There are 2 protein chains.
Amino acid sequence: MEKQRKRAPSARSLQTKARILDAAEQLFAERGFEGASLRDIAALAGVQVGLVHHHGGGKEELFHQTVTRRADELAALRLTELEALKQSGDVTLRGLLDAFMRAYVTLARNGGAHWQHYGRLVAHVSADPRWRPLAAECFDPTANRFIEEILALYPAAERQAAATGQVYSVAAMLAFLNTGWRIEALSPGAAEAQVDQLIDFCTAGMEAILSPGPTCT
Amino acid sequence: MEKQRKRAPSARSLQTKARILDAAEQLFAERGFEGASLRDIAALAGVQVGLVHHHGGGKEELFHQTVTRRADELAALRLTELEALKQSGDVTLRGLLDAFMRAYVTLARNGGAHWQHYGRLVAHVSADPRWRPLAAECFDPTANRFIEEILALYPAAERQAAATGQVYSVAAMLAFLNTGWRIEALSPGAAEAQVDQLIDFCTAGMEAILSPGPTCT
DNA sequence: CCTTATTTTGAACGATTGTTCAATCTAAAG
DNA sequence: CTTTAGATTGAACAATCGTTCAAAATAAGG
């Protein structure tokens, strides 16, 4: 059903598409799906409206591509971190959460604005029930991969508990990314310490869920 | 500047306004601010378009009212729970998080659809940076109230740590409410146990942040 | 170089948006 | 009951929306 190309896309065309996706990423993140118009996106990308439709294939398709582009990249990054952890020898719960979060969070904080926009974009995707299939497609595979590693560490734990802890951890991570301006304003500079704090929170919370009963006191 | 009323609103008028706010609450929650049109809201409420504008005072004002209506009610509910806890004598970290979460979460699960819609609505408000002032107005007072109680329990902890833990806890709670259909599908029926699990997660995570160093092992 | 698939432009389409307004109905106040 | 502020209707407003399309510019393939 899909019509195949007869020519390779030019370098300029690829650049244009990337520029359109970047603009869409920023505006979808700031204003949500219907809040960002194709005309605003086109203006930010420096192209004509019709061209956005040509490269994006409709607004919904454009949104889909905008999310999956970074989601795929992020999934690969996380699996790389996981692989490095497993080869290091000592796989701990904290190590797993570290592999899942630190690289991404650091990118969103110190890296370009792209990952910061993506964080807000994910928040919109998670908030709107209409994007549930998209969220499942983008996030579930990697999440399930980490859940299995967690279950290998805690053989007595139920899968439901690990999945729940994973959901809560992702939520806390997104809150860290999207309200970071607030935490940052309260104690500036200590970026690395705040990442540790996030992982502390999730590790302790996950542990409490995985091994029931009073663990501390 | 505000023109004062010269007559009391009729009972029917109050009913209509409530019906409009309910419809707005549902559609704003499902599709976001620009995703829900005033005409859809009017149709769901069974009134004319102009009437929505008359009672809401513009779309932005309507959104504002929709959020604050339940936010005020929820803030009162949480402060009541907090007062009951303080009068019970033993104020613990778990008790504080329980007072903050259980009543609301139970309402959203077992109560009418209104609180379920409100949960999704808060997710939209939190995801969109344009509603930051609204979020601060609605959520900060109550949040700060609980943060102070937490700091009274942990005098050595820094305020930033308590505030961060509060943000993460709220994020986990919203994730529980808005992805509950997923958790529910995995292990149906155990509603109360899942609330305990949520509070377990947040309590352990908060404790890990408030008192640094290896608390368990 | 020549052909033509692809990219890009510019303008238009109908549909929907939030808002406004005069007319009509309702019911609170005197 | 009479008065009239307020609630409700129905229709219209200009603006913006996503989409479509023919024509021009670009560049890959032979």
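This one's a predicted model, so the numbers in the text were calculated from it and none came from an experiment. Proteins come first, then strands; the chains are lettered A, B, ... in the order of their sequence lines, and each starts at number 1. Reckoned from all heavy atoms, side chains included, excluding hydrogens, waters and symmetry mates.
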Does a side-chain N or O of [X] approach OP1 or OP2 of [N] to a distance below 4.0 Å, or not?
X     : N      : result
B/K6  : D/dA5  : no
B/R5  : D/dA7  : yes
B/R12 : D/dG6  : no
A/H53 : C/dT8  : no
B/S37 : C/dT17 : yes
B/H55 : D/dT8  : yes
A/R39 : D/dA15 : no
A/T16 : C/dT8  : yes
B/Q48 : D/dT8  : no

- Query: Counting side-chain heavy atoms from CB outward, which of C/dT17, D/dT9, D/dC17 is closest to B/V47?
  - Reply: D/dT9

[atom1] of [X] versus [atom2] of [N]: gap in Å, rounded?
X     : N      : atom1 : atom2 : result
B/H54 : C/dA22 : NE2   : C1'   : 15 Å
B/L38 : C/dT19 : CG    : C1'   : 9 Å
B/E34 : D/dG18 : CD    : P     : 11 Å
B/R7  : D/dT3  : CZ    : P     : 12 Å
A/F33 : D/dG18 : CZ    : P     : 8 Å
A/Q4  : C/dA5  : CD    : C1'   : 13 Å
A/I20 : C/dT7  : CD1   : C1'   : 10 Å
B/R31 : C/dT17 : CZ    : C1'   : 14 Å

- Item | Geometric cation-pi criterion, B/R70 with B/Y118: 6.0 Å, 45° | no

- Could you tell me whether the side chain of B/L107 reaches within less than 4.5 Å of the side chain of B/L77, counting heavy atoms only? yes

- Evaluate the ring planes of B/F33 and B/F28, with Trp represented by its six-membered ring, and classify them as parallel (under 30°), tilted (30 to 60°) or perpendicular (over 60°). parallel

- Along DNA chain C (nearest heavy atom to each residue), the more 5'-positioned of A/S10 and B/G50: A/S10

- Message: With nearest nucleotide decided by heavy atoms, which residue, B/A36 or B/P9, maps closer to the 5′ end of DNA chain C?
- Response: B/A36

- Tell me, which pairs form a side-chain hydrogen bond (donor to acceptor under 3.5 Å, both in side chains) where one or both residues lie in residues 36-52 of chain B, sequence neighbours left out? B/R31-B/D40, B/S37-B/D40

- Atom CD1 of B/I41 and atom NZ of B/K59: how far apart are they, to the nearest 0.5 Å? 6.5 Å

